[in-house]
Protein chains: 2
Amino acid sequence: MENEQRARSFEAALRRAGVRITRQRAALLRILAAADDHPDATQLHQRAMAAGAGVSLATVYRTLSALEAQGVIMKLEFEGAAARFEPADQQHHDHMIDVETGEVMEFVNDRIERLQAEIAREMGYDIVRHRLELYVRKRR
Amino acid sequence: MENEQRARSFEAALRRAGVRITRQRAALLRILAAADDHPDATQLHQRAMAAGAGVSLATVYRTLSALEAQGVIMKLEFEGAAARFEPADQQHHDHMIDVETGEVMEFVNDRIERLQAEIAREMGYDIVRHRLELYVRKRR
DNA sequence: ATCGCTGCAAATTATTTGCAAAATG
DNA sequence: CATTTTGCAAATAATTTGCAGCGAT
């Protein structure tokens, strides 16, 4: 499977930055590489435990911070919920959250991206990062 | 001053909804009516105390919840910070946060609003609410 | 053999809540 | 006067951290 491939590339990035790959981190990297549902710290902890990797929740948090600092994952803070995480090795995108089911979807829109940069520029600023979330409900 | 006017209109909305106007709430409403800097609960508490209104922080939180439920104020949850609040009697707008100073600015862009609705619609959803925040740095 | 990393439990931060007393409409 | 609302302190929830021992390079 290519998830293993992805996990290895994450490890490589970390090694390059001088971050040690421990048993716990290796396990979390594989779980993150396989996740496509934006899990939160508790879910990652449960998955790691289910996978037989003994990891404490504190270590999950510490690892997530390290991975975010290295640009391997991105932290997502949606309204009224624990922080969720997603691998960062993908195209930039924004999120759409179904308020009924909690499902998180991704979307890309270049026009919006350009308009944002334009707005910031007009006000004399450069965008460092941005956050665009659409809280939606399935149309009936 | 017209802030007093605004505070009264807030009170009217609450009375209409059967919410009691206590000394503490009246004080907070005036502080909110005069605030144009998106204060958080602690700041509102400090301002209320400074204004001589004895209010507990718990009451500040409970009042803010009530005001939000009545649509009098909006709660803003920016990255890595306590929730901030702003009066809701204004045109819809999004926020731009200077990552260096923490300053919060407002902006409106109809094209972005339309594009968002379009994106949701194309995916079969209706937008319930959305959040667009630009974290920026002053251009040099 | 270093120096970073982990587990555990205790500490933080922001916010919420139970309960008896106080205040509003 | 019937209900809300308040204050206080204790409870939560998510996340962070101190410290002593363990383990990766």
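As a basis for the values below, the full set of heavy atoms in this structure was taken, side chains included, without hydrogen atoms, waters or symmetry mates. Note on naming: letters A, B, ... go to the chains in the order of the sequence lines (proteins, then strands), and numbering restarts at 1 for each one. In this text the structure is predicted, and so the values were computed from the model without any measurement.
In this entry the distance linking CG of A/Leu57 with C1' of C/dA9 reads 13 Å, nearest Å. Atom pair B/Glu77:CD and C/dT13:P shows a separation of 19 Å (rounding to whole Å applied). Look at CD on A/Gln24: it is 9 Å from P on D/dG23, rounded to the nearest Å. One atom, CE of B/Met49, and another, C1' of D/dG7, lie 11 Å apart when rounded to the nearest Å. When rounded to the nearest whole Å, the span between CD of B/Glu79 and C1' of C/dA14 equals 17 Å. In this structure, A/Phe85 places its CZ atom 10 Å from C1' of D/dT15, rounding to the nearest Å. Rounding to whole angstrom units, CZ of residue B/Arg84 and P of C/dA14 are separated by 12 Å.
Contacts between residues 26-45 of chain A and DNA chain C, counted as heavy-atom distances below 4.0 Å, involve no residue at all.
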Tell me, for nucleotides 19-25 of chain C in 5' to 3' order, what letter each nucleotide earns: B for a base near a protein heavy atom under 4.0 Å, S for only sugar-phosphate near one, - for neither?
-> ----BBS
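Within the structure, side chain to side chain donor-acceptor pair (under 3.5 Å) contacts touching residues 71-83 of chain B (residues at least two apart or in different chains) are A/Arg129-B/Glu79. For residues 121-140 of chain B, the set of pairs meeting the ring pair (Phe, Tyr, Trp, His ring centres under 6.0 Å) definition, not counting sequence neighbours, comprises B/His92-B/His130. Applying the ring pair (Phe, Tyr, Trp, His ring centres under 6.0 Å) test to pairs two or more places apart or on separate chains, none has a residue in residues 2-26 of chain A.
Evaluation of the side-chain contact (heavy atoms from CB on, under 4.5 Å) rule for B/Ala7 yields B/Arg30, B/Ala33 as partners, not counting sequence neighbours. Applying the salt bridge (Lys or Arg N to Asp or Glu O under 4.0 Å) test to B/Asp89 and every residue at least two apart in sequence or in another chain returns B/Arg6. Residues passing the side-chain contact (heavy atoms from CB on, under 4.5 Å) test with A/Ala66: none are found, sequence neighbours excluded. Applying the side-chain contact (heavy atoms from CB on, under 4.5 Å) rule to A/Glu122 yields the partners A/Glu118; only residues at least two apart in sequence or on another chain are considered. With sequence neighbours left out, the side chain to side chain donor-acceptor pair (under 3.5 Å) criterion links A/Asp36 to no other residue. With sequence neighbours left out, the ring pair (Phe, Tyr, Trp, His ring centres under 6.0 Å) criterion links B/Phe78 to B/His95.
Among the heavy atoms of the strands lying under 4.0 Å from B/Ala58 is at least one base atom, whether or not backbone atoms are also near. As judged by a 4.0 angstrom heavy-atom cut-off over every strand, A/Gly54 is placed among residues touching the sugar-phosphate backbone only.
In this structure, of C/dT16, D/dT15, D/dT5, it is C/dT16 that holds the atom nearest to the side chain of B/Tyr61.
Taking a pair as Watson-Crick or G-U wobble with both distances under 3.5 Å, DNA chain D forms stems of 3 or more consecutive pairs at C:1-10 with D:16-25, C:12-14 with D:12-14, C:16-25 with D:1-10.
Under the 4.0 Å criterion applied to side-chain N and carboxylate O atoms, A/Asp126 and B/Arg137 are not assigned as salt-bridge partners. Electrostatic pairing of A/Arg131 and B/Asp94 does not count as a salt bridge here, judged by no charged N lying under 4.0 Å from a carboxylate O.
The phosphate of C/dT6 has neither OP1 nor OP2 within less than 4.0 Å of any side-chain N or O from A/Ser56.
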